[in-house]
Each structure stands twice: as structure tokens, then as C-alpha cells.
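Naming: A, B, ... by sequence-line order, numbering from 1 per chain.
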Protein chains: 2
Amino acid sequence: MGVAPSTVSNAYNRPDQLSPELRERVFEVARRLGYAGPDPLGRGLRRRRAGAVGVLYTDRLSYAFADPAAVMFFEGISQATEEAGLGLLLIPGGSLGSREPEAVRNAAVDGLVIWCMAEDDPLLETALERRLPAVLVDQPPVEGVPSVGIDDEGAARAAAEYLIGLGHTRFGAVSFELALGARGGIADLSRQREATFLPSGSRLKGYAAAIESAGLSWADVPVYECKENKVSEGRVAAEVLLSKTPQPTALLATSDLLAIGAIEVARERGFSVPGDISVIGFDDIPEAAQHIPPLTTVYQPHVEKGLAAGRILIAQLGGEGVAHSEVLPTRLVVRGSTAEVKRA
Amino acid sequence: MGVAPSTVSNAYNRPDQLSPELRERVFEVARRLGYAGPDPLGRGLRRRRAGAVGVLYTDRLSYAFADPAAVMFFEGISQATEEAGLGLLLIPGGSLGSREPEAVRNAAVDGLVIWCMAEDDPLLETALERRLPAVLVDQPPVEGVPSVGIDDEGAARAAAEYLIGLGHTRFGAVSFELALGARGGIADLSRQREATFLPSGSRLKGYAAAIESAGLSWADVPVYECKENKVSEGRVAAEVLLSKTPQPTALLATSDLLAIGAIEVARERGFSVPGDISVIGFDDIPEAAQHIPPLTTVYQPHVEKGLAAGRILIAQLGGEGVAHSEVLPTRLVVRGSTAEVKRA
DNA sequence: CTCCTCTTCTGAAACGTTTCAGAAGTGTAG
DNA sequence: CTACACTTCTGAAACGTTTCAGAAGAGGAG
């Protein structure tokens with residue numbers, strides 16, 4: 001091509017460093033040779049940045065897209081990365097359930113959003129070992145890494161207190177995974193204490209706190225741990241919980257998806273919701289308001305959470321040192337899936 | 001560290017090439033030095049692969065997450081990439097509406113899923129110039145690049161024929177973007193002919209074909225072109241179309257989101273849907289079945305579309321030459337938003 | 001003509017790997 | 001003791017850029 005590599009580089013990156021004619025000539029030759037501009041990997045290596053941030057999620061990515069709350073969270077992150085002109089790399093979970101650390105190590109990113117991973121997930125350590133700028137979301141804090149999240153415990157407590165105020169005394173709880181490798185089934189107190197997923201652990205703690213301070217016994221409340229956060233699991237949980245004696249009059253779910261499944265089963269069994277049984281959710285996904293009956297649930301700002309996480313991460317990339325954490329507000333949204341307990 | 005770089009490399013990538021003790025020692029030193037394993041960029045450069053595939057979308061990414069059809073499509077792609085242990089890089093659209101080619105050129109990926117871009121979008125050319133393995137989805141075919149899609153025209157035609165069979169003769173159409181920079185407003189025939197977005201163009205063509213072959217005049221059917229694929233735009237379209245004389249008794253939408261918006265407005269104006277006005281959608285997003293009334297619409301397999309696109313792309317990566325295209329099946333799903341035309 | 005400044009371009013080094021041929025050492029068979 | 005085969009490790013080159021100091025030449029001021 002008869003020109004130094006550095007000149008080609010300048011043609012693409014610093015037009016002011018060479019004459020317009022030569023620049024045009026370089027492009028012309030590039031076109032003829034089928035050269036599409038600097039290779040991203042070579043450039044990334046030299047410049048020491050990848051031009052993308054990664055997001056690490058506890059489950060398989062493809063599951064995340066089936067969870068409306070996750071999708072909104074992604075929407076927020078992508079908004080932040082788009083603002084900054086960065087790519088968003090979705091890091092694959094283990095291809096066959098096995099958590100491959102390879103993918104985490106191999107992700108060409110400048111920073112990491114680590115979302116909702118179990119405290120003891122080996123992948124979490126792998127991720128932190130990379131010493132990239134990172135931000136934790138809905139997870140226990142780690143020294144030196146900013147966190148974004150909500151007050152899970154407080155919000156759950158408020159939700160349970162609301163039901164107590166309606167006169168309910170017999171509860172059942174539907175939780176998603178408490179720790180890696182959820183078995184699916186009733187989780188006793190010790191299993192609850194082992195919870196390594198922050199949201200499930202904290203929300204149960206909130207429910208427990210409300211119930212104990214009402215003079216009731218949390219130990220008597222059956223907690224069903226689902227294997228995944230999906231409607232079908234909520235159904236399974238309700239099957240079990242509604243067969244208990246004494247039968248609960250109120251079900252506390254840790255997500256709307258689970259709550260929806262529970263309501264389905266309750267109705268199929270001939271109960272009126274909220275007439276006979278009240279069900280409360282968590283997340284306030286868009287479907288919650290559309291649902292019949294509309295779900296009483298805890299609103300949390302999913303999109304904003306993603307946006308905040310993205311922005312905090314990006315600020316770190318810019319080298320603006322102080323990584324601040326953020327706790328976003330929640331709000332109990334009373335709709336139609338809860339009512340005063342029926343007088344016996 | 002007292003050991004050759006190649007040995008470190010072997011420690012991480014080829015355990016069989018060195019003694020277990022040395023390998024352990026390497027890791028030990030790595031830990032102490034805070035070395036987290038081979039740098040993805042260096043490795044990528046040398047190995048000539050990035051370990052990720054990119055997805056390029058016509059809109060801003062953050063919009064995509066708000067569209068259930070898009071989300072399902074992503075779900076499919078991510079399933080495919082996850083199977084292959086690859087990352088999924090979401091390439092940012094122009095940060096401020098302006099389509100920056102930088103991001104496309106700068107994406108460190110081994111292949112590209114190019115989804116639903118206008119035929120004349122400069123970014124499309126930029127993407128193809130990279131000469132990476134690619135697959136086009138819901139787009140006009142390009143020589144040498146495999147395509148994945150559905151028979152938009154045939155499916156739309158079937159949908160319109162169904163309405164004609166119900167006795168409707170006065171139609172209105174609600175379309176999303178026909179070409180880059182949609183203005184929002186009635187699109188005349190010449191604008192329709194200019195359509196560069198395959199799905200909108202083909203679906204309208206299908207509607208037109210059905211109507212013409214029923215002996216009606218497509219030229220008399222007002223077509224409202226929305227700026228974006230969202231409920232609020234469907235509302236605007238319906239406001240306009242329902243004010244036309246003669247008033248349409250059936251609205252043909254090119255997406256469910258638009259159909260839902262149209263139904264809202266029709267009802268607010270005191271019409272019964274489907275009593276007075278029939279509305280048909282396209283996509284069969286999950287919300288379509290939940291909606292009141294449930295939407296009559298064209299089902300297409302969104303997740304499978306993403307899965308197919310991903311797999312075809314990944315097959316090309318593996319060097320398996322022949323890139324085959326795929327046309328996925330669709331199906332008219334009759335629900336409650338359509339009915340026989342009211343006898344005057 | 002000399003000195004200085006500008007513009008335009010170049011050369012070499014560096015970014016962090018992997019690859020591959022081969023060096024060094026250790027056994028084993030003949 | 002030689003020949004050969006392993007095993008274990010190393011050195012150099014290459015991957016495709018960008019950066020930075022500076023060479024070469026042109027033009028202007030003194």
C-alpha cells in the first residue's frame with residue numbers, strides 16, 4: 001500500500017494528522033483490499049480497553065429474558081451503556097448447568113455488572129479476581145465494590161405488616177432460590193439462615209420480622225423454596241402450601257411471577273382471591289397490574305436500577321474514583337389480590 | 001516470576017504440557033501478583049477470535065427491551081450463544097439518534113446477527129463490510145449472507161383474507177416504520193412503495209394483495225405509519241384512522257403493540273371491539289392472549305427465530321461452509337378482537 | 001543563507017497473548 | 001555407550017493496532 005501502518009492508523013483515528021488526499025487514498029486502497037478499518041482486538045489490546053461492559057447473571061441468560069424484571073433491568077443497563085457508546089456483553093452462564101469460569105475470564109470487557117449472584121458462587125470470586133471496575137446489584141456488599149439495590153428487608157416487612165393489618169394470622173411463604181442448587185421444597189429455618197441469595201434471604205427476613213413483632217411465630221410459617229423464578233414454580237409451591245393445616249389465609253411471595261402461579265392454583269382449587277386467600281407479590285412487573293386480580297406487590301424501579309448500575313460502572317471507567325453505592329426506593333402497591341381476612 | 005511466558009500460557013490452556021507442580025506454582029505466583037489469567041484481548045488477537053457474537057438492531061437497544069417480540073428474539077439468540085459458550089454483544093445504536101458506524105466497526109465479535117435494519121441503512125453496509133460471518137433476520141436478502149425470517153407477506157395476506165371473510169370492506173392499516181426516519185402520519189402509495197423495512201413493507205403488501213383480490217381498492221385504505229412500535233403510537237394511529245370517512249370497520253396492524261393501542265382508543269371512543277370494530281395484530285406476543293379482548297393476530301416463533309439465527313451464525317463460525325437460510329412458519333390465531341361486520 | 005516553525009509522514013516499541021520448533025533433561029532398550 | 005523416545009520447558013515470531021519521538025521537506029522571517 002506504500003504507506004506506513006501508523007499512517008493508516010492516523011487516517012482512521014486522527015484525520016488532522018495527514019493530508020486529506022492521502023487519507024482518501026488510504027481509504028480507497030482499503031476498500032479495494034477489503035479492509036474494514038482497524039481490528040477491534042488489536043486496537044483494544046493496544047489501547048487497553050475493550051469498549052464494552054459485561055453483565056454477569058446467576059442464571060442462564062436465556063432464562064433472564066423470560067423474566068420481566070430482568071428484562072427491565074437490562075433495559076436500564078443498556079440505556080447507560082448506549083449513552084456512553086459502549087457495547088453490552090452478556091456473559092454466558094455455564095452451558096450445561098455447570099458454571100464455567102472460562103467465560104467470565106474470557107470476557108473482553110472494561111467493567112462488570114454483577115447481578116444477583118449467590119454470595120458463595122465461585123463465579124463471583126472469579127469475576128472479582130479480574131479486578132475490573134465492577135458494580136454489584138442485589139447482592140451482599142463486597143469491600144471496595146459499589147453496590148446498587150433496594151431495601152429488600154424493609155420492603156418485605158412493610159408488605160407483611162400490611163397483611164397483618166388486614167387481620168391475617170396464618171401465612172405461607174413462596175420464595176425463589178435461597179442458595180445455589182435450590183432443591184425445591186419446604187425450607188426450614190436452618191435452610192433459610194443459609195440463604196446466599198440476598199433478595200430471597202432479605203425478603204424472608206423482612207416477612208419474618210413483621211410476623212414476629214405481631215406476636216406470631218415465624219417458625220410456624222411454612223416456606224416453600226422454588227427452583228426457579230417462574231410461574232410454574234409458584235404453582236408447585238401453592239399446591240404444597242395450601243395443603244398444610246392450618247391452611248394459610250395469606251401467601252407471601254418473593255416475586256410477582258411466583259405470586260401469579262400461586263393465585264392460579266388457589267383459584268383452581270376453588271378459593272377466591274382475595275376473598276378466601278390473599279396473595280402478595282414482589283417486583284411490580286408490568287403484568288402485575290394487568291393480572292386478574294391485579295396484584296398487590298412491592299414496586300421497585302427496575303429500569304432505574306439498571307441505569308444506576310450502568311452509570312456507576314461507567315463513572316468508574318472514566319477513572320472518577322469514588323464509587324458510591326445506591327439504595328433505590330420501593331413502595332407497597334395495594335391492588336386487588338389482598339383483602340381482609342374472612343371472619344371464621 | 002522466573003518462568004517463560006509460554007509456560008504461563010500452557011499453565012492456563014494446556015495443563016498436559018507441564019508438570020502439575022510447576023502449574024501450581026504458576027497459579028500461586030499469579031494469585032500473589034493479582035494476575036487473573038490471560039487477558040481476553042491479547043488472547044483474542046493472537047487466536048483471531050473474540051469469543052462473542054454481536055447483534056445489530058435498527059433501533060436503540062434500550063427500546064428493544066421494551067418490545068416483547070424483541071425480547072423473545074434475544075432469548076433465542078442468547079440460548080444459541082450460550083450453547084456454544086459464546087458471549088452476546090449488544091452493539092449500541094447511535095447514542096443520540098445519529099447512527100454512529102464506529103460502534104459497529106469497533107465491536108469485538110466473531111460474527112453478526114443483523115436484525116431488522118432498513119435496506120438502505122448505512123450501518124448495514126458498514127456491518128457487511130466487515131466481512132464477518134453474518135446472518136440477516138427479517139430483512140431483504142443479501143447475496144452470500146444467510147437469512148432467517150418468516151413469510152410476512154403471506155401471513156399478512158391470510159390475516160386480511162380472514163377479515164374479508166367476516167364481511168369487512170372498509171379497512172384502515174396501522175404500520176410501524178416503513179423507512180428510516182419515519183415521519184408519523186398517513187403513508188400514501190408512493191411512500192408505501194419506498195418501504196425499506198422488510199416487515200412493514202411486506203406485511204402491507206400482503207394486506208394489499210388480499211384486499212385487491214377481493215375486488216376492493218387498496219388505494220382507498222388509509223395507512224398510518226407510526227414512528228415507533230409502541231402502544232402509544234398505535235393510539236395516535238387509531239385516532240386518525242377512526243376519524244376518516246367512511247369509517248373503517250376493521251383495522252389491520254403490523255404488530256400487536258400497535259393493535260393494542262388502537263383497541264384502547266376505539267373503546268375510549270365508545271366503540272365495541274370486536275362488535276363495532278375488528279382489530280387484528282401481528283406477532284402474537286404473550287400479552288396478546290392476556291389482553292381484553294384477546295387479540296386475533298399472526299403467530300410467529302420469535303424465540304425459535306433467534307435460536308435459528310444464532311445457530312446458523314455459529315455454524316458459519318465453525319467453518320461449516322454452506323450458510324443456509326430459513327423461513328419459519330406462521331399461523332393465524334383467531335381470538336376475540338375480530339368479528340363479523342355489523343349489518344348496517 | 002540561517003534559523004525557526006509547520007505540516008506531513010515514518011519507524012520502532014509496546015500492548016498480552018499463543019504457537020511451534022526445538023533445547024535440555026531423563027529414562028529405556030539395545 | 002549409543003540411540004531413541006518421552007517429558008518438560010523455553011525463545012522467537014506473530015497477531016493488528018496505537019503512540020510518540022522525530023525525520024523530511026516546505027515556507028517564512030530575519
Using residues 134-143 of chain B as the side-chain source, report each donor-acceptor pair under 3.5 Å to any protein atom, sequence neighbours left out, with the distance given to one decimal.
from, atom 1, to, atom 2, distance (Å)
B/D138, OD2, B/W115, NE1, 3.3
B/D138, OD2, B/K305, NZ, 2.6
B/Q139, OE1, B/C116, N, 3.2
B/Q139, OE1, B/M117, N, 3.1

Residues 39-48 of chain B side chain polar contacts: donor-acceptor under 3.5 Å, at least two apart:
from, atom 1, to, atom 2, distance (Å)
B/D39, OD1, B/L41, N, 2.7
B/D39, OD1, B/G42, N, 3.0
B/R43, NH2, B/N13, OD1, 2.7

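Within a 6.0 Å radius of CZ in A/R105, other residues, nucleotides and ligands contribute more than 12 heavy atoms.
Residues that satisfy the side chain to side chain donor-acceptor pair (under 3.5 Å) test with A/N229, not counting sequence neighbours, are A/D67, A/S255. Residues passing the ring-ring contact (aromatic ring centres under 6.0 Å, His included) test with A/Y12, sequence neighbours excluded: A/F27, A/Y35. Under the salt bridge (charged side-chain N to carboxylate O under 4.0 Å, His left out) criterion, A/E28 pairs with A/R32, not counting sequence neighbours. For B/E194, the salt bridge (charged side-chain N to carboxylate O under 4.0 Å, His left out) criterion is met by B/R191, not counting sequence neighbours. Considering only residues two or more places apart in sequence or on other chains, B/E24 meets the salt bridge (charged side-chain N to carboxylate O under 4.0 Å, His left out) condition with B/R31.
Counting any heavy atom pair closer than 4.0 Å across all strands shown, B/Y35 reaches sugar-phosphate atoms only and no base atom.
Fit an axis to the five pairs at each end of the helix from C/dC1-D/dG30 to C/dG30-D/dC1 and the two axes sit 60° apart, to the nearest 10 degrees.
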Revision key, fill the gap. Once base and sugar-phosphate atoms are separated, protein heavy atoms under 4.0 Å mark nucleotides 7-13 of chain C, 5' to 3', with B, S and - as --BBB-B

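Residue whose closest nucleotide on DNA chain D sits further toward the 5' end, between A/R49 and A/G42: A/G42.
When the C1' atom of C/dG16 is taken as reference, atom OH of B/Y12 falls 13 Å away, rounded to whole Å.
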